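Here is the structure we will look at.
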Protein chains: 2
Amino acid sequence: MSRILIIEDEEAIADLEKDYLELSGFEVEIRNRGDEGLQTAMSQEFDLIVLDLMLPGMDGFEICKKIREEKNIPIIMVSAKKDDIDKIRGLGLGADDYMTKPFSPSELVARVKAHMARYDRLVGSTQKNNDIIEIRGIRIDKTARRVMVDGVEKAFTGKEFDLLTFLAEHPNHVYTKEELFREIWDMDSIGDIATVTVHIKKIREKIEYDSAKPQYIETIWGVGYRFKV
Amino acid sequence: MSRILIIEDEEAIADLEKDYLELSGFEVEIRNRGDEGLQTAMSQEFDLIVLDLMLPGMDGFEICKKIREEKNIPIIMVSAKKDDIDKIRGLGLGADDYMTKPFSPSELVARVKAHMARYDRLVGSTQKNNDIIEIRGIRIDKTARRVMVDGVEKAFTGKEFDLLTFLAEHPNHVYTKEELFREIWDMDSIGDIATVTVHIKKIREKIEYDSAKPQYIETIWGVGYRFKV
DNA sequence: AGCATTTTATAAAATTTTTATAATCTGACT
DNA sequence: AGTCAGATTATAAAAATTTTATAAAATGCT
């Protein structure tokens, strides 16, 4: 469930926004003063903030700047004056969107959704879902230790799974066989690096359409391997 | 330097946008047809796309969807009809911004900058792109060991990559072939210096427009080479 | 035994180095 | 200034080396 913070002094407006957002399944908090709003934004976790410009206690400019110093979450700025909007945009203080009052609550909902979706697309995919890695046709469920290739489950042995997972968790990064060996096997074990090659081959047999032209695990000649994205 | 792709069939508009963006230090490519635009977007690396809705070859909806399947970069959609804008927004196909024609070029520039800044804020920070060397049209990603020349990826072998990277990391510094050899090959190996020459040639074939008039790796006669900046 | 893992041997592929030759530059000498 | 010799670099292609892919056998584990 996503949490939204509305910092807005006109209670009627704030309540209306809250109603609409809650109908769309969001959890909403309201603060009526600027200073309280900032304090709340900093001390709790929200997924998006709707921020009015004119506020008692502390104005929206200041709040936006302060939040941005600490957090990357989407901020939608709201103002009654079109001129103010242009001004903030010019200041470039990192708000993600700007709306002029009056606006329809459903437009707010639409924008909120769009910003959340983008944020997830950019950040959520890399940071959050640590359990499931999904890259193109491949889906790796870490806790269940299962791998699906184009919707079909393939059986992986322990080492194969660990190796594939490690590569997929660091897409595009090239690792030498030594690095992979140290990572998957024991840190200092002095086994033969050739076993990495063999495991790569086994993995490719399971995930690649044509093992000679790998789409996922690429060989970097003289260096190592990488999971291409 | 950031690269922007404009997909727009009205050449006058495209050129105007290009001029303004270039004045702000962006590198701009234009495509006049939808299908060509998509093809370019997929085969090269851009940091942002400005996409018109009505296009010959393939419409903006389709293009936006296709790009989103593969890439996360910001897309600004442009249309002459306000209604269309609402429609696309409703479709939620992942565009990052919407502008109605006519608009002032400076507003486009402002929005482009804002989107770039956000993208950097969200992605650049999490992905830690601090091992990327960028000089004029060349971008070297050290961990991924990839080289982009004007947005197009070129395949480099191990030694070629190491040599180019070393030179690019010390721009303008002139190195003798002996120094380069000691640096890239084993410190004391007494192999033939000629191999450095050959590798320089191979690199030039990949990054220089005209190998006879090198723009990047310059020959200092009787001394060695340097990466010119 | 049955499966996973590692080792080994050989084939195949790609890169690196060498070699030979052509082109270009520099400085000295007319 | 023009030209020539010597030195240096560019280019192309062949040879050598290195690295990886593959298959199969050996080992180890439960």
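Keep in mind it's a predicted model, so treat the numbers as computed, not measured. The sequence lines fix the lettering, A, B, ..., with proteins before strands; numbering per chain opens at 1.
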Would you call [X]-[Y] a salt bridge at under 4.0 Å N-O?
X      : Y      : value
B:E45  : B:K71  : yes
A:D131 : A:K142 : no
B:E153 : B:R146 : yes
B:R118 : A:D96  : yes
B:E29  : B:R31  : yes

Query raised in the report: Per the salt bridge (charged side-chain N to carboxylate O under 4.0 Å, His left out) rule, which among B:R136, B:R3, B:R139 passes with B:E27?
Result: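 The passing option is B:R3.
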
**Report entry** Residues touching DNA chain D, which here means a heavy atom under 4.0 Å, drawn from residues 154-176 of chain A
**Finding:**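 The answer is none.
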
Query - Protein-to-nucleotide contact annotation, 5' to 3' order, nucleotides 8-22 of chain D [B base; S sugar-phosphate only; - none; under 4.0 Å, heavy atom] - result: BSSBB-----BBSSB

Query raised in the report: Are side-chain N/O atoms of A:T219 and A:R204 paired as donor and acceptor at under 3.5 Å?
Result: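 There is such a pair between these side chains.
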
Query raised in the report: For B:W185 and C:dT16, is the shortest distance between a side-chain N/O and OP1 or OP2 below 4.0 Å?
Result: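 No, B:W185 has no side-chain N/O under 4.0 Å of OP1/OP2 on C:dT16.
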
Report task. Is it possible for you to check whether B:K228 lies under 6.0 Å from the centre of the six-membered ring of B:Y216, through NZ or CZ, and within 45° of that ring's axis? Result ->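 Cation-pi check for B:K228 and B:Y216: fails.
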
